[in-house]
Structures are given as structure tokens and as C-alpha cells.
> 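Below you'll find the structure I mean.
Heavy atoms only: backbone and side chains are in, while hydrogens, waters and symmetry mates are out.
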Amino acid sequence: MEQISQQAIVKDIPRLGLMDRIDIMKNKRGFPLVFPLSMLALLAVIFHILTGGEFLTLNVLKGVFNQSLIVGTMAIAVSFIYTTGNIDFSVGNVMGLAAVFGVMAYQVTENMAIMILVTFLSGMALMMCNCALGVIFHIKSARVAVVAMSVYSAFTVFLVGAEPLKVDYKICKVLEGNFRYIAFILYFAGCILMYHKTAIGRKLRFIGGNAVCAKQTGINENESIVTAFIFAGIGVGLAGVLQILRTGSIAQGVGTGMGMDVMLATVLGGMSIFGGAKSNAYAGFIGAVTVTVLNRGLLMLGVSSTLIQGARAIIFLLLVFMNSERQSTLPSRQQF
Amino acid sequence: MSAKGEVLVEVRDMCKNFGVTVALNHVSMLIKRGEVRGLIGENGSGKSTVTTIIAGIQQASSGDMIYRGKPWKPQTSLEAAREGIGIIVQEMGTIPSITVAENIFLGDYSRFLNGPLINRRKMNAEAAAALEKIGVTDIDPSDITAKYNMEQRKLIEIAKVMAHDPEMFIVDETTTALSEKGREILYHLMHQAAADNKAVVFISHDLEEIMEHSDTLTVLRDGNIIDNIDKKDFEPNMIKQKMIGREITGNYYRVDTDGYGDEVVLKADCITTMQDLLCFNLELHKGEILGIGGLSECGMHTLGRALYGLEDIVDGKVELYGGKVTVTTPESAFKNGMGYVSKNRDTESLVMNAPIGANISSTGYKKNRGWGIFISDKKERRYEQLQVDSLAIKCTNVFQPVRALSGGNKQKVVFGKWLAADSDILILDCPTRGVDIGVKASMYQLIYDMKKKGKSIILISEELPELCGMSDRLLIMKDGEVTGEFFRSDGFDNNQLIDCMI
Ligand SMILES: Nc1ncnc2c1ncn2[C@@H]1O[C@H](COP(=O)(O)OP(=O)(O)OP(=O)(O)O)[C@@H](O)[C@H]1O
Ligand SMILES: [Mg+2]
């Protein structure tokens with residue numbers, strides 16, 4: 001008996017298979033940040049080489065950044081909602097309608113500040129409206145989003161009419177540079193801080209991971225979801241402002257389909273749109289930049305844009321499939 | 001043809017690793033017909049791993065198996081079940097969103113095909129028969145499984161396994177989810193199978209139980225088979241030592257008869273819930289460990305939930321600190337220094353996909369603040385690591401998802417989460433479920449330390465020894481009412497307690 005208990009147990013050092021290695025890597029802490037960033041860098045370098053050194057230039061990169069700004073901002077915004085396991089793809093239309101309100105306010109007052117303020121506030125108000133429907137009436141937010149999407153886009157079409165609404169393009173030019181960057185950076189930094197450095201993001205993740213457990217740990221689900229929608233509202237409002245400034249005009253179809261772009265960006269950035277424990281606030285932005293890099297790079301290589309659209313759809317489906325946590329129907333260790 | 005003692009399953013030199021974690025290290029064992037084989041070992045020693053591999057839920061990294069004289073390599077648990085090997089898993093083995101009958105015949109629906117449609121009536125009737133076969137009559141097979149509580153779902157799972165008439169079945173840490181009655185059913189099935197020259201593998205952390213019900217015991221430690229012991233050689237201390245690898249000293253339960261304070265910190269004032277409780281009164285004092293026992297259906301689990309604001313209270317109220325606070329929601333309970341460990345670990349107390357660390361620090365968002373509302377990473381890490389160390393949670397690091405842990409280690413995470421919260425009032429519903437004896441001893445010590453610090457604890461449990469060992473005062477419940485109140489200072493008498501239960 002003594003012998004057995006004293007006996008040193010010698011274990012083989014396990015031979016790690018590929019899946020084991022991938023698993024170990026995935027569980028590393030920095031993985032959700034490092035992996036998508038490296039993929040992005042890799043993509044950029046590949047395009048740089050394929051285009052014969054034309055991709056990694058200041059001009060192209062600036063263009064990429066500008067182009068990703070709106071979808072990126074919205075993706076950051078929506079990540080708060082996705083984290084809780086709720087899906088809201090009406091954000092594109094919310095942004096569009098907010099921008100319409102902003103431009104209309106400008107046409108009445110001719111005041112840029114008021115335009116920005118109105119856009120912001122209407123973005124937030126509309127998001128809160130989605131939130132209230134979901135939280136108060138306990139409607140699954142995906143269903144709310146479907147209704148909201150059609151209502152908002154109908155409104156937009158009604159308000160805009162056939163001709164795009166215009167603002168003074170000169171003023172847009174003035175605000176285009178620094179204002180945009182500063183506003184975006186402030187929002188991005190603010191979100192990262194609040195999401196990753198305070199209890200807010202942790203609670204949202206907890207709710208997304210297991211709402212029952214979150215409740216038993218003293219987390220108020222409704223309160224957290226309202227907070228999420230507030231952060232999302234700010235971002236969507238900001239995106240509306242950026243949208244106006246970009247072209248100085250708002251057309252009927254503004255924001256349509258952008259909800260899907262945002263989802264694509266989120267998934268490409270390495271986050272699951274089903275939320276939960278591994279969510280974060282930056283995946284969407286990285287993903288948005290990745291999408292733009294892909295578009296830009298392929299265009300520069302002379303690939304037709306229809307083909308790019310098709311490729312995008314396929315990539316999206318593939319990623320969603322890989323992202324969904326496969327629940328086997330059999331009792332397994334994973335199931336609980 | 002199948003003689004008693006004939007080898008039914010042979011495991012040869014099996015290894016299993018998860019990344020760098022070695023769960024099984026060259027394990028070989030023989031399982032014979034006509035025996036109940038006990039499997040015992042510390043949390044994370046590989047018991048579930050080896051049995052789930054035999055039952056097809058996962059596959060080994062290397063090594064092979066022989067079943068009924070032929071190579072055995074099941075790819076799914078369905079395949080194993082069809083071939084006669086069933087398993088009652090440690091986690092939940094039923095799917096909540098489908099009916100009871102669908103669960104019982106999961107993957108076997110083709111039997112009931114009537115043209116392209118499933119003959120529901122036939123399926124339900126056979127499911128009812130399968131349930132009746134194990135002596136359960138109060139479950140309706142056409143109901144959605146989610147309607148039933150944890151114990152009933154376990155019984156459904158048992159019925160499902162038995163419906164296949166297995167040559168061998170595995171019982172993985174199931175008894176802690178069952179009440180006395182459910183346990184009797186299971187023991188009976190086990191011994192019946194052994195008598196019919198089938199084989200049973202029985203996993204439990206309850207030494208007394210496993211010694212009573214198994215014919216041979218296999219001890220696993222750290223992925224290695226340490227020994228096989230025959231019934232005639234069973235001796236608790238020897239088994240413990242083989243399990244842990246060293247002698248355990250010190251007391252299991254507390255030995256003092258220290259009293260507790262006069263101040264009432266929690267008071268249930270004639271509370272009535274939708275189910276179980278009708279005008280229930282209870283007082284908990286400062287520094288008191290209040291044990292609550294009874295049969296599973298006696299309402300004690302509902303009581304725990306109600307005190308923490310998890311049940312709708314139709315009438316009456318739960319007050320804290322002499323009426324200063326009324327508990328209405330778990331949020332208000334938590335904010336006012338309460339904590340609650342649910343019996344339903346996997347679905348209520350943990351986020352399976354979240355890291356161990358994130359689960360533990362979920363109780364410490366306020367405490368771990370550094371500057372303003374910002375959380376200090378350093379404090380949070382310390383908060384998590386402290387629990388991992390003090391409870392010896394077996395993991396590679398705090399970033400590992402909880403789902404990768406063994407059952408007992410998951411339980412330690414839940415306990416650690418609330419230990420770290422340093423709550424003033426802690427409601428523990430079966431806190432030692434599935435943990436090994438070594439860890440149990442340290443949990444008891446930690447509970448006792450909390451008492452010493454003036455914390456108040458409600459300990460709800462189905463294990464009488466645990467209740468007697470730890471409580472200052474012990475309430476026995478039956479049908480939602482207290483039928484007996486006993487004090488540590490008077491000594492607890494088992495027979496008296498049991499009388500109050502039934
Ligand atoms: N999916 C997984 N990923 C990583 N590690 C795992 C996984 N499943 C099990 N392990 C590890 O394998 C080891 C053995 O686990 P196993 O579940 O077999 O223990 P056990 O003996 O059943 O313990 P318990 O008494 O707590 O149920 C543990 O260290 C566990 O962390
Ligand atoms: Mg186990």
C-alpha cells in the first residue's frame with residue numbers, strides 16, 4: 001500500500017494533434033484580438049504583393065479606413081446587443097432614418113450643430129424604441145428587428161421621396177476630416193473602456209452565456225439590456241452623422257442592408273453573433289476593416305464587383321456556420 | 001452462454017488527453033458479467049472520461065477495447081446503446097425541449113414509423129411502459145421534459161437506458177441527483193442486472209454507498225488505475241488512502257458545540273409560494289449554520305429559492321437584518337449580502353462556455369474595482385486565483401472554459417464563486433454534490449470558518465450525516481412544513497430525524 005501511494009506516476013508527454021493545438025490556441029487570452037488582426041495584416045500584405053506594391057500606401061489605407069468607418073461604428077454599437085444573445089439587424093434602417101431626421105432639421109434651421117444633435121438623439125430614441133419593445137413586451141429582439149426594419153425603411157422612403165435630401169456640401173467638407181476621426185475615436189475608446197474595463201461588458205456576457213445564472217448572481221437583466229441599447233444608440237446616431245457628412249446627401253435606400261454588413265463584419269472579426277462568453281467590443285470594427293480591405297483589394301486586382309458580392313455572401317454563410325456552437329442532439333459532455 | 005465472471009468489456013492500455021491535460025494514462029481494466037463494479041477516485045481522476053469512452057460519447061486518444069470478444073470502438077452513444085451499453089451521465093442526459101417519450105426513444109424513432117409519420121400513441125405507450133418498468137408512474141410521456149425537475153429527468157434518463165435492455169450500464173455520479181426513493185430504484189436495477197449476469201459500472205463519491213453496492217472497486221488516481229479491490233477487502237481508510245495517495249488526517253465534520261448569536265439576520269414571515277410552501281416561518285441567526293433536511297419533495301429546495309427571491313412569493317415576506325430590507329428579487333438579495341448555491345449546478349450556477357475565472361469573478365464586480373467604476377485586472381486575477389488554489393480546482397489555468405472541467409471541479413467553481421463573494425448570508429443547496437471526500441472535508445472547514453466569522457448559513461441537503469455533522473440547528477421538513485427542530489447542543493439522533501421525514 002505504501003508503495004502504491006508513494007510511487008511516482010510517470011505520464012507520457014501527450015502527442016498533440018492539430019485539433020488539440022488549435023484548441024489550446026483558441027483558449028489563450030489574447031486570441032480574440034490577435035487572430036483577426038493577424039488575418040487582416042496577412043490579407044493586406046497579400047494584396048500588397050499581388051498588386052505589385054500598390055496596396056499598403058497611405059492613400060489606399062486612408063480610403064479603407066474612411067470606408068469602414070460607418071459600418072465599423074455600427075458594428076461596435078451592435079456588439080453590445082449581440083453580446084447578450086439578442087440580434088438586432090434593423091440598425092441600418094435606424095441609422096438611415098436618424099440621418100433623415102438630421103438632414104430635415106438642417107433644412108429647417110440651417111445649423112450644423114442642430115443637425116448633428118438631432119441625428120444623434122433620433123438614433124438613440126429609435127434604438128430605445130427597439131429596446132422597449134423587446135424588454136417591456138418580452139418580444140424576442142430578432143422579431144422586433146424585422147418589424148422595425150420595415151417600418152423604419154417605409155418612413156425613410158416616405159420622408160425622402162424620389163430626390164435625395166441635401167445639406168450644404170461645403171460644410172460637410174469642413175467637418176469631414178478631423179471631426180469624424182475625433183468623434184469615432186472617442187466613441188471607440190469609450191466603448192472599449194466601458195465594455196472591457198467595467199462591469200457593464202462582463203454582465204452582458206454573463207447574460208448572453210446563461211441568463212438564469214446571471215439572475216442568480218444578482219444581475220438585473222433588463223437594466224443591462226437597456227444599458228446595451230444606450231451604447232448601441234449612441235453608436236448608431238454617430239453612424240448617422242458620419243453618413244450625412246460622407247456625401248452631403250441622403251437618398252431613399254440609405255442604410256438598407258447595412259444590418260447584414262454589420263453582422264458580416266462582426267463574424268469576420270471573430271465574434272459570434274449569438275453572443276456569450278467570448279464576445280468583445282472590437283471584433284466588429286476589425287471585421288469591417290477586413291471587409292473593406294477584401295473589397296478594395298479584389299477591385300484593385302480587377303475582380304468584378306458582382307463576383308465580390310457573391311463571394312461575400314458565401315464567406316458570410318461559412319462563417320456563421322463555423323460560429324454557431326454545434327449542439328449535438330446526443331447527450332455529450334458539452335451538453336448541460 | 002454468458003457465465004458469471006466472464007469478461008464482458010476489456011479496456012486495454014487506454015490513453016486520453018485534452019491538449020496538455022492527461023485524463024487517462026495507460027488505463028487497463030476488465031469488467032465482468034454478474035458484478036457491480038465501483039469506480040472511485042478524486043475529482044478529475046478520469047472516471048467519467050473512461051466510462052464515456054466505453055459508452056461512445058467520446059473517443060480515446062489511443063488504446064483499444066474489447067466487448068463480447070470483439071473489438072469495440074463506438075462512434076456515438078446511440079451506437080453503443082444499440083449494442084447494449086448504456087450510460088446515465090453525470091450531467092443532464094435528456095433534452096429539455098422535447099417530450100419525455102421522445103427522449104426515451106431518442107434516435108430510435110424509426111421503430112414507430114407508420115408510413116412517413118411517427119405513431120405517437122404507440123411511442124407514448126411504450127415510453128410509459130419503460131417508465132413503469134423502473135417503477136415510475138407519475139411522469140406523463142407526452143409532456144415536454146422541461147416540465148420535470150432534475151430528479152425526475154434523471155429517472156427519465158434511467159428509463160431510457162433501461163429501455164434498451166443493456167448488457168452493461170454505467171451509473172456516473174447519479175445518486176446525488178436522486179432522493180432516497182430514486183436511489184432505491186437505481187440500486188434495485190443495479191443488483192437486478194448483476195443477478196441476471198449483466199454488468200454495471202457504478203461511480204460515486206459516497207464511500208459508504210459505493211462499498212455497500214459494489215462487488216469490486218477500481219481506484220483511479222490522476223488518470224491511473226491504482227488498484228482493484230474485492231468486496232471482502234473493503235476498508236474505508238485504505239480506500240481513501242489509495243484514492244488520495246496520502247493519509248488524510250483531521251476531522252471530517254466540526255466537533256465543537258459552539259452556539260450562535262441572538263440577532264436574527266433573516267426571517268421568513270409566513271411566506272406562501274405558488275408551490276410547496278404555505279405560510280412558512282423561519283429565523284436564521286448571526287453565526288448560525290441552519291441545516292434543513294427532508295426527502296427531496298418536502299419543499300426544502302423551494303424554500304431555498306424563495307428565501308433568495310427566486311420564487312414568486314404570493315403572501316408574506318422575507319426580511320433581512322430585523323426588517324431593514326425585504327428580499328423580493330435575487331438582485332435585492334445579492335445586493336444585501338446574500339448568496340445562493342443552486343442544486344442545479346450546470347443550468348443555474350455556471351456559464352459553461354465562460355472561463356473559470358469569469359465565473360468566479362462574477363460575484364466580485366464591485367469588490368474588484370480599482371479606480372472609480374473601473375475594474376482592476378490585478379485584483380480580479382487575485383480574486384479568481386485565490387479560489388482556484390484554496391479549493392484545488394483542477395484546471396490548466398483560469399482562462400479554461402468551465403465546460404472542460406470534471407463534474408466535481410465544476411461544483412468547486414460554484415462554491416468558490418460564492419466563497420469569494422464573502423456573503424453574510426449564504427444559502428447552500430447541496431453544496432457538496434459530486435465533490436470527492438478530500439474536497440468535501442475542506443468545504444466543511446470553509447463553511448465552519450465562515451460561521452466563525454459571524455456569517456450565517458442555511459445548509460439544505462439530502463445527506464443526513466452532512467446535516468448532523470455541520471448544523472447548529474436542524475429543521476426537518478415534510479410536505480412543505482417543519483416537522484421537527486433539533487439542536488446541536490442536544491445531539492442529533494438519526495432515528496428521530498428519519499421519523500420526522502416520513
Ligand atoms: N472536454 C474537456 N476538455 C479539457 N479537459 C477535459 C475535458 N473533459 C475532461 N477533461 C479533464 O480530464 C480530467 C478527467 O476528467 P473526468 O471528468 O474524467 O473526471 P472525473 O473522475 O469524472 O471527476 P469527477 O469526480 O469530478 O466527476 C480532468 O482533469 C478534466 O479537467
Ligand atoms: Mg465525472
> At what distance, to the nearest 0.5 angstrom, does OG of B:Ser376 lie from NZ of A:Lys197?
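Reported value, rounded in 0.5 Å steps: 8.5 Å.
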> Which atoms of B:Lys417 come close to chain A, meaning under 4.5 Å heavy atom to heavy atom: side chain ones, backbone ones, both, or neither?
side chain
> Would you mind checking which part of B:Asn368 comes under 4.5 Å of any heavy atom in chain A, side chain (CB onward), backbone (N, CA, C, O), both or neither?
neither
> Can you tell me how far CZ of A:Arg202 sits from OG of B:Ser361, rounded to the nearest 0.5 angstrom?
6.5 Å
> Which atoms of B:Ala333 come close to chain A, meaning under 4.5 Å heavy atom to heavy atom: side chain ones, backbone ones, both, or neither?
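Nothing of B:Ala333, per the 4.5 Å heavy-atom cut-off to chain A.
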> Do you know which of B:Glu348, B:Arg305, B:Lys335 has the most heavy-atom pairs under 4.5 Å to chain A?
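The answer is B:Glu348.
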> Looking only at heavy atoms, which two atoms of A:Ala277 and B:Pro355 are closest? And how far apart?
CB-CD, 4.5 Å
> State the CZ-SG distance between B:Arg345 and A:Cys213, to the nearest 0.5 angstrom.
13.0 Å
> Any side-chain to backbone donor/acceptor pair from A:Asn210 onto B:Thr347? Under 3.5 Å, distance only.
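Judged by distance alone, yes, a pair lies under 3.5 Å.
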> Once rounded to the nearest 0.5 Å, what's the spacing between atom CE of A:Met194 and atom CZ of B:Phe374?
5.5 Å
> Taking B:Tyr365 for its side chain and A:Ile200 for its backbone only, find out whether a donor-acceptor pair lies under 3.5 Å.
no
> Tell me, side chain or backbone of B:Ile373 under 4.5 Å from chain A's heavy atoms, or both, or neither?
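Both parts, backbone and side chain.
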> Determine, step by step, whether A:Ile219 and B:Phe334 satisfy the side-chain contact (heavy atoms from CB on, under 4.5 Å) criterion, reporting the C-alpha distance in whole Å, the side-chain angles of both residues, the deciding distance to 0.1 Å, and the verdict.
CA-CA 9 Å; A:Ile219 295 172; B:Phe334 179 77; over 6 Å; no
> Roughly how far, to the nearest 0.5 Å, is the CD atom of A:Gln216 from the OG atom of B:Ser349?
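If I round to the nearest 0.5 Å, the distance is 5.5 Å.
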> Might you point out which heavy atoms bring B:Thr363 and A:Thr217 nearest each other, and give the distance in Å?
CG2-CG2, 3.9 Å
> Got more than 12 heavy atoms from elsewhere within 6.0 Å of CE, A:Met39?
no
> Crowded around A:Phe35 CZ? As in, over 12 foreign heavy atoms under 6.0 Å?
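Not more than 12 within 6.0 Å, no.
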> Any chance the side chains of B:Thr329 and A:Lys215 put a donor and an acceptor closer than 3.5 Å?
no
